[in-house]
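So the structure is just underneath, and the comments pick up after that.
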Amino acid sequence: MPSPTASAPDANDALDALLQRHGRDPHALVQILREWQAQRHWLPRTDLARIAAALGRTLAEVEGVAGFYRFFHLEPVGDYRILFSDNVTDRMLGSEALLADLCRRLGVAPGKLSADGLVSVDRTSCTGLGDQGPALLVNHHQVVTRLDATRVAQLAGLVRGRVPVADWPAEWSEVHDNICRADLLLVEPAPAPGVALAAALARGAEATLAEVKRSHLRGRGGAGFATGLKWDLCRQAPGAEHVVVCNADEGEPGTFKDRVLLKRFADAVFEGMTIAAFVIGAKRGLLYLRGEYRFLLGHLEGVLARRRATKLLGAAILGREGFDFDITIHLGAGAYVCGEESSLIESLEGKRGTPRIRPPFPVEHGYLGQPTIVNNVETFCAVSPIVVQGGDWWAGIGTRKSTGTKIHSVSGDCERPGLYEYPFGTRIGRILEDCGARDTQAVQVGGPSGVCLSAFEFGRRIAFEDVPTAGAFMVFDRSRDLFEVARVFAHFFAHESCGFCTPCRVGTALVVKRLDKLAEGRGSRHDIDVLFELDKLMHGATHCGLGATACNPLRDTIAKFRPAYERHLKSLYFEPGFDLDAELAIARRMTGRDDPGAHFGTTPP
């Protein structure tokens with residue numbers, strides 16, 4: 001384990017070498033901070049000042065970036081930084097009791113540094129391991145899956161014995177793929193690397209774009225924008241260079257499909273990116289990998305190296321002079337909002353991940369001001385079979401408005417959690433049957449920002465025109481309290497708000513305050529009425545989609561599972577002296593709803 005107490009001259013030399021390796025590029029700030037923290041365990045202010053001077057940025061700017069991301073630490077956190085996944089499905093599997101047990105064994109309070117400076121234990125948002133939880137991260141790169149009391153006791157002993165994380169039992173870090181149903185994208189053996197790329201080169205850029213358009217492929221990140229149209233808009237946009245970005249920051253709680261695609265089908269992802277580069281004339285590609293998937297970085301770098309060695313990346317790809325394109329990987333540092341494409345671009349540029357005001361859209365003004373396409377992992381995976389089989393073939397699968405297949409990350413109360421791939425138009429009930437769900441009360445589709453469906457809606461179908469989804473599919477049986485589920489999601493959104501706009505920053509905190517009051521048995525009906533009003537106020541007043549969707553689980557569960565809320569009421573009547581109108585007026589002012597400049601467009605290009 002690297003020593004966080006290296007002498008000042010040695011530390012200065014190491015930092016200088018790191019800065020030099022990155023060419024003292026201010027746009028590499030997030031990567032510099034990440035790599036330096038890996039050596040020091042935290043980011044002392046003196047080091048931030050040296051980094052700022054070397055990059056030509058102010059200390060305030062560098063501290064602002066370091067303070068934005070959840071995995072950067074401006075105070076010591078110990079040689080062992082243990083973060084329990086705090087997704088609702090981990091809680092359902094007993095993560096809170098396991099966390100308390102570990103803290104007791106190590107003599108440390110949650111969120112605090114132990115007295116000897118050895119260890120800190122805390123919670124983090126979903127780690128993308130919902131199919132094999134409870135799970136945790138150690139020092140942001142080592143995962144431990146399938147936690148139980150025995151494993152926690154052994155882990156505590158290893159920490160107290162100062163055993164390096166690399167020497168912990170290997171089976172603790174086994175991450176299973178759990179592909180339970182394959183269709184088009186998850187089927188193996190996968191096509192050989194280069195087959196789709198060769199087909200694209202044989203067709204030509206315009207004809208390849210025409211096939212993607214003919215397929216009616218829509219983005220798999222949730223918004224569902226037409227992929228071919230996005231590529232065409234970027235291709236036509238003027239700029240010194242065009243850029244291809246893969247969004248591998250699947251931070252939506254309950255989603256883990258990209259983890260498996262990047263592990264088993266990385267060639268298909270990179271091939272799709274390379275085909276996109278051929279179509280739009282790009283020479284630079286960037287894959288934004290979420291910080292929780294740090295354990296995949298070595299594997300992905302190896303796939304890129306192999307593709308370069310076989311002329312599938314680099315100069316004169318497959319012998320085509322002038323077709324030069326390469327991909328670099330940018331590792332995130334823990335920020336859910338960076339899943340939004342403009343926030344992701346800000347992070348790629350070494351900034352805080354604050355969503356941009358649009359227009360202009362990334363296809364016109366994206367990475368470093370250049371025309372940029374941003375598609376997610378599953379979308380790029382779909383490009384290769386479309387290019388090989390043809391757009392009409394893909395368009396013939398699924399529904400008229402939702403073509404092809406969709407991969408679902410199924411977790412929660414079911415016998416067989418894992419990945420399930422179906423054609424669009426598949427019933428919710430069919431997925432529940434296949435995963436072994438029993439006595440199901442509700443399904444949260446698309447993660448907390450998606451939709452909560454009751455048993456009366458299990459005949460509905462997965463499709464953009466019915467139940468759209470980014471991939472999460474969380475199952476809750478009748479033993480679960482849907483109020484508590486909504487409260488966990490509310491805490492998630494309040495924690496992940498970037499804080500840029502008042503409606504989201506204050507609104508999410510007000511929602512948490514009301515729900516916590518109900519959970520403590522101090523609530524009454526007016527609290528539910530205020531929650532309804534907060535939902536309406538936030539929905540149309542926030543800077544980006546996070547705030548606009550933060551109340552989705554709240555709205556759905558109140559409407560469909562109202563008894564779950566009423567069980568927590570202190571009284572069926574308002575408290576003495578309570579003024580509902582005054583309370584709502586305060587909420588309006590605090591969320592900025594009366595500010596005519598509070599609303600910004602959020603529709604993707």
Side-chain angles (χ1 to χ4, degrees), residues 126-131 175 177-179 182-188 190-191 193 196 212 217-225 227 230-231 243-277 285-297 299-301 303-304 307 313 327-332 336 338-341 343-345 347-348 362 372-387 404-409 418-421 446-447 469-473 604:
C126 179
T127 57
L129 296 163
D131 55 332
V175 177
D177 294 334
N178 291 335
I179 298 176
D183 199 303
L184 302 180
L185 303 184
L186 296 176
V187 67
E188 290 184 298
V212 175
L217 173 67
R218 299 174 66 167
R220 272 26 182 179
F225 191 80
T227 302
K230 178 182 284 192
W231 291 13
V243 183
V244 174
V245 173
C246 177
N247 183 348
D249 190 48
E250 62 168 356
E252 194 73 44
T255 308
F256 46 85
K257 62 186 177 59
D258 290 359
R259 183 199 81 214
V260 179
L261 291 173
L262 291 168
K263 180 182 175 185
R264 297 248 312 240
F265 302 94
D267 269 301
V269 179
F270 295 139
E271 191 122 336
M273 293 178 67
T274 309
I275 291 169
L286 298 160
L287 184 140
Y288 189 101
L289 181 66
R290 69 182 304 215
E292 291 85 348
Y293 290 167
R294 168 65 179 81
F295 65 94
L296 291 174
L297 184 59
H299 159 70
L300 294 172
E301 292 285 13
V303 175
L304 289 175
R307 291 184 71 85
L313 280 177
I327 298 169
T328 55
I329 298 175
H330 175 111
L331 190 63
Y336 167 75
C338 286
E340 193 273 337
E341 63 179 9
S343 302
L344 182 149
I345 291 171
S347 185
L348 287 173
T372 304
I373 59 168
V374 183
N375 289 119
N376 83 334
V377 170
E378 187 179 355
T379 308
F380 280 122
C381 273
V383 168
S384 291
I386 288 170
V387 171
T405 63
K406 185 74 190 76
I407 301 173
H408 305 272
S409 306
L419 292 191
Y420 291 77
E421 182 186 9
T469 177
F473 192 97

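Residue numbers start at 1 and run along the sequence shown.
Phe265 approaches Ile179 most closely through the heavy-atom pair CE1-CD1, 4.2 Å. Between Ala182 and Val187 the shortest heavy-atom distance is CB-N, 3.9 Å. When all heavy atoms are compared, the tightest approach of Leu331 to Gly291 is CD1-CA, 4.2 Å. Between Thr227 and Gly219, the shortest heavy-atom contact is OG1-N, 3.7 Å. What you find for Ala276 and Ile373 is that their closest heavy atoms are CB-CD1, 3.7 Å. Scanning all heavy atoms of the two residues, the minimum distance from Asp258 to Ala248 falls at OD2-CA, 4.4 Å.
With 3.5 Å as the limit, one finds no donor-acceptor pair spanning the side chains of Thr255 and Glu252. Side-chain N/O atoms of Asn376 and Asn247 include no donor and acceptor closer than 3.5 Å. Side-chain N/O atoms of Glu421 and Thr405 include a donor and acceptor closer than 3.5 Å.
Residues meeting the salt bridge (Lys or Arg N to Asp or Glu O under 4.0 Å) test with Asp177, sequence neighbours left out: Lys263, Arg264. By the salt bridge (Lys or Arg N to Asp or Glu O under 4.0 Å) test, Arg218 is found to be paired with no residue, residues two or more places apart in sequence or in another chain being considered. Under the side-chain contact (heavy atoms from CB on, under 4.5 Å) criterion, Ala277 pairs with Val244, Ala282, Phe325, sequence neighbours left out. In this view, Glu378 and Lys257, Lys406 satisfy the salt bridge (Lys or Arg N to Asp or Glu O under 4.0 Å) rule, not counting sequence neighbours. Qualifying salt bridge (Lys or Arg N to Asp or Glu O under 4.0 Å) partners for Arg220, counting only residues two or more places apart in sequence or in other chains: none. For Ala196, the side-chain contact (heavy atoms from CB on, under 4.5 Å) partners two or more places apart in sequence, or in a different chain, are Glu271, Ile275, Ser384, Val388.
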message: Could you walk me through whether Thr469 and His408 satisfy the side-chain contact (heavy atoms from CB on, under 4.5 Å) test, starting with their C-alpha distance in whole Å, then the side-chain angles of each, then the deciding distance to 0.1 Å, before giving a yes or no?
response: CA-CA 9 Å; Thr469 177; His408 305 272; 4.1 Å; yes
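A donor-acceptor pair is defined here as one N or O able to donate and one able to accept, closer than 3.5 Å; such a pair exists between the side chain of Ser409 and the backbone of Phe256. Between the side chain of Asn178 and the backbone N or O of Gly418 there is no donor-acceptor pair closer than 3.5 Å. Judged by distance alone, the side chain of Thr379 and the main-chain N or O of Asn375 form no donor-acceptor pair under 3.5 Å. For Arg259 (side chain) and Gly128 (main-chain N/O), a donor-acceptor pair under 3.5 Å exists by modelled atom type.
The CG atom of Leu262 sits 7.5 Å away from atom SG of Cys381, with the distance rounded to the nearest 0.5 Å. Between the OH atom of Tyr293 and the CG atom of Asp249 there is a distance of 9.5 Å, given to the nearest 0.5 Å. If you take CD on Glu340 and CG on Leu344, they are separated by 8.5 Å, rounding to the nearest 0.5 Å. Atoms CG and CZ, on Leu419 and Phe473 in that order, are 13.0 Å from each other to the nearest 0.5 Å. To the nearest 0.5 Å, atoms OG1 (Thr372) and CG (Leu286) are separated by 8.5 Å.
Annotation: side chain of Thr328 is not in contact with side chain of Leu304 (no heavy-atom distance under 4.5 Å). No side-chain heavy atom of Ile407 sits less than 4.5 Å from a side-chain heavy atom of Tyr420.
Taking the ring centroids of Tyr288 and His330, they lie under the 6.0 Å cut-off.
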